[in-house]
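Each remark here refers to the structure printed beneath this line.
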There are 2 protein chains.
Amino acid sequence: MLELRHLRTLAALHETGSVSRAAKRVHLTQSALSHQIKALQTHYRLPMVQRRGQSVELTDAGKHLVALAETVLEAIQATERGLAKISEQASGSLRIALECHTCFDWLMPLMDAFRQHWPDVELDLVSGFHSDPIRLLEEGLADVVIGSENKRRRDIAHHPLFCFEILAVLPPDHALRRKRILQAPDFSGMTLITYPVPEDRIDLIHHVLKPAGIHPERRTAELTVAILQLVASRRGIAALPSWGLKNYVEHEYVIARRIGSSGLWSNLYASTLKETAARPYLRDFLATAKNTCFATLEGIVPLE
Amino acid sequence: MLELRHLRTLAALHETGSVSRAAKRVHLTQSALSHQIKALQTHYRLPMVQRRGQSVELTDAGKHLVALAETVLEAIQATERGLAKISEQASGSLRIALECHTCFDWLMPLMDAFRQHWPDVELDLVSGFHSDPIRLLEEGLADVVIGSENKRRRDIAHHPLFCFEILAVLPPDHALRRKRILQAPDFSGMTLITYPVPEDRIDLIHHVLKPAGIHPERRTAELTVAILQLVASRRGIAALPSWGLKNYVEHEYVIARRIGSSGLWSNLYASTLKETAARPYLRDFLATAKNTCFATLEGIVPLE
DNA sequence: AAAATCCATGAATATGGTTCATAATTATGC
DNA sequence: GCATAATTATGAACCATATTCATGGATTTT
């Protein structure tokens, strides 16, 4: 019999185009999904997926169920928001502190949607740079911190968002363009274009260059597009999350290369006080954040 | 976490207004529903039902979930019809043979809905009286027989619909009006107004009067309204399913009385060939039949 | 007052979804 | 091309948990 888990599974399968990726997405085993899909297919006597070499494609039947999943899961979210209103837990504040500048890319549309859904929640961005953003939570100056920190602390809950790869960004005619993978020594003598934050907040420096004893020059820019402009006009190279690069790479504006043989990866968490984690609007924020990120951002991987 | 079973349960609770009746409706124990409701309430930190003496009422929160249930369950049914279309099992014939005349009351709107949902299924009523309607299935002259027979037969599947009470219908000024419950001897010397079918097809005669050696006169009419007309004009008394009587009783057109201390009950089944039972449109027909009957017909009880 | 009905609750049960281990199949690298 | 890696399918074992069972309290009916 059809259950919500089947709908969630098919939605994930539709997004990811692979059983094992979908399994990570819904925090189950690949085997579990395989069984689920098989059960669906025997129940409806219809194939739901069609293997196309390495990627699986949904059949028409599968797409019908995906469409169902979208309406059903949205309807559920909507009434759960309604229930939160009834229980009078629909108001409060959601002040977001961002550790990672690139996150503006996906945070903006998310905030727009959130404002619609929770008109009584005071939505805000905490501006400025903070050496210990988690402390903002304890000081009551922010309600969520979006960053890569996940050290266990009293009263703090780190909600895993996703895992993403940081790629080196070079101008198309750069001397290193032939190398598919860049290693630490490749960066010596280069100018690194970064956001204006301390060195140990930049993963490339903190985890790759500093351990290798390499200290390239730095130049900073506030906005991602500005960094890309500088790279394209050969003022230096940058290291940015893979998801925002696709368009620029496709237009051969810049090229992107892996850093280290297994890549440079970073995790993103949404950290809150444990008490605020229970609030319905916070839970809804986290859920839709993950949903929209996995739906729109390419190359990101579920965490935990 | 919310699951479809919770939605089904709340929908049933909304229809029946009682946990134990809802439990029968979804073929579970009263205890199971109690646990489900409790789980929902602790999960959303909201009461979903409010006990009002003997009947339970849904709270606002509960009503939200009921509304969700309606949209979700309908959406599921709709896409399951779509899947049947894909698997090309959406055509065929559904010729319905009715053993019980009163069933026209609920069958008509059901057939209208069915025609919309399955435009490619040839929908028909098998007219005339048949001594052994089940044989129509084997002879290929009908696809469903709606009646009270449930004898095990090779290749025949009896799908339980519901159980209903047959009440004696009297004119408001009848001599027996003082008795709350009528017994077999009360019928001696009366004229019985029935549908034009053989005696052993009339439950009152077959199960109550004949065993008591009572053989009242009979007069027949084709339509339920005609029977009620005759009763109201004191031409005799009748025995009819409780569900269709409500309006007439409320307007004091006729009065209705229980037959025997525990009442005279009859079961209704939809019988098909076992092979036809698998067809999607047949399954959909059965499901919506039960849904609409339980939603619109009062005083009926789930079966099996 | 007693009987009957209905709902809540804790413990036991049983269903079935998930994981584990492994095989089969398909890409990718050398 | 062969070997390696990655992905999916499958059967058995396991485990979670929904349901049932047994019971008590509460309310209504006779």
Side-chain angles (χ1 to χ4, degrees), chain A residues 1-10 12-43 46-59 62 165 179-181 258 261-263 299 301-302 304, chain B residues 1-10 12-43 46-59 62 165 178-181 258 260-263 299 301-302 304:
Chain A
M1 179 116 231
L2 187 71
E3 286 295 335
L4 290 182
R5 90 186 79 90
H6 297 121
L7 296 183
R8 285 188 243 274
T9 292
L10 283 178
L13 201 59
H14 178 65
E15 275 177 12
T16 61
S18 127
V19 178
S20 36
R21 279 196 295 273
K24 282 181 194 141
R25 178 87 184 71
V26 297
H27 298 292
L28 285 175
T29 331
Q30 167 269 323
S31 175
L33 292 222
S34 232
H35 284 295
Q36 281 189 14
I37 295 165
K38 188 178 185 181
L40 275 181
Q41 293 183 149
T42 59
H43 180 247
L46 275 173
M48 298 294 167
V49 298
Q50 191 158 17
R51 303 224 47 219
R52 283 225 184 284
Q54 56 185 4
S55 66
V56 288
E57 208 174 308
L58 286 165
T59 63
E165 183 171 5
K179 299 197 70 169
R180 300 204 59 76
I181 293 172
R258 168 160 287 193
S261 51
S262 55
V301 177
E304 188 149 329
Chain B
M1 179 116 233
L2 186 71
E3 285 296 334
L4 289 182
R5 89 186 81 92
H6 299 121
L7 296 183
R8 285 188 242 274
T9 291
L10 283 177
L13 203 58
H14 178 65
E15 274 178 12
T16 62
S18 126
V19 178
S20 35
R21 278 197 295 274
K24 282 182 192 141
R25 177 86 185 73
V26 296
H27 299 291
L28 287 175
T29 331
Q30 166 268 322
S31 175
L33 291 222
S34 233
H35 283 293
Q36 281 190 15
I37 295 165
K38 186 178 186 180
L40 275 181
Q41 294 183 147
T42 58
H43 180 246
L46 276 172
M48 298 294 167
V49 297
Q50 191 159 19
R51 302 222 48 214
R52 282 225 185 286
Q54 57 185 5
S55 68
V56 290
E57 209 174 309
L58 286 164
T59 62
E165 185 172 5
R178 286 285 150 72
K179 298 196 70 170
R180 300 205 58 76
I181 292 172
R258 167 160 285 193
S261 50
S262 55
V301 178
E304 189 150 327

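Note: hydrogens, waters and symmetry copies are ignored here, and every other heavy atom, side chains too, is used.
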Check: So A/Val49 and A/Thr59, side-chain contact (heavy atoms from CB on, under 4.5 Å) or not? Walk me through it.
Finding: CA-CA 5 Å; A/Val49 298; A/Thr59 63; 5.7 Å; no
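Atoms CG (A/Leu40) and C1' (C/dG16) sit 15 Å apart, rounded to a whole Å. Per the geometry, CD belonging to A/Gln50 stands 12 Å off P belonging to D/dA9, to the nearest Å. Going from atom NE2 of A/His27 over to atom C1' of C/dT19 covers 17 Å, rounded to whole Å. Between A/Met1 atom CE and C/dG16 atom P the separation is 13 Å, expressed in whole Å. Look at NE2 on A/His6: it is 9 Å from C1' on C/dG17, rounded to the nearest Å. Note: CD1 (A/Ile37) to P (D/dT10) measures 11 Å, nearest angstrom. In this structure, A/Leu28 places its CG atom 12 Å from P of C/dG17, rounding to the nearest Å. In this structure, A/Glu3 atom CD and D/dA18 atom P are separated by 11 Å, rounded to whole Å.
In this structure, B/Arg180 has no side chain to side chain donor-acceptor pair (under 3.5 Å) partners at least two apart in sequence or on a different chain.
With values rounded to the nearest 0.5 angstrom, A/Arg25 atom CZ is found 12.0 Å from A/Leu13 atom CG. Between the CD atom in A/Glu57 and the OG atom in A/Ser18 there is a gap of 13.5 Å [rounded to 0.5 Å]. The distance from atom CE of A/Met48 to atom NE2 of A/His6, rounded to the nearest 0.5 Å, is 10.0 Å. Separating the NE2 atom in B/His35 from the CG atom in B/Leu28 is a distance of 12.0 Å, to the nearest 0.5 Å.
Evaluation of atom-type donor-acceptor distances gives a pair under 3.5 Å for the side chain of A/Ser31 against the base of C/dC20. Counting distance only, with no hydrogens placed and no angle test, the side-chain atoms of A/His35 and the base atoms of C/dG16 include no donor-acceptor pair under 3.5 Å.
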Polar pairs (N or O, both sides) under 3.5 Å between protein and nucleotides 6-8 of chain D?
{"from": "D/dT8", "atom 1": "OP1", "to": "A/Val19", "atom 2": "N", "distance (Å)": "2.9"}
{"from": "D/dT8", "atom 1": "OP2", "to": "A/Ser20", "atom 2": "N", "distance (Å)": "2.8"}
{"from": "D/dT8", "atom 1": "OP2", "to": "A/Ser20", "atom 2": "OG", "distance (Å)": "2.5"}

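At least one side-chain nitrogen or oxygen of B/Gln36 sits closer than 4.0 Å to the OP1 or OP2 atom of D/dT19. At D/dT10, one or more side-chain N or O atoms of A/Lys38 fall inside 4.0 Å of OP1 or OP2 (strictly under the cut-off).
Between D/dA18, C/dT19, C/dG10, one nucleotide has an atom nearer to the side chain of B/Arg5 than all others, and that is D/dA18.
Ion pairing of A/Arg258 with A/Glu165 is present here, as a side-chain N (NZ or NE/NH1/NH2) and a carboxylate O approach within less than 4.0 Å.
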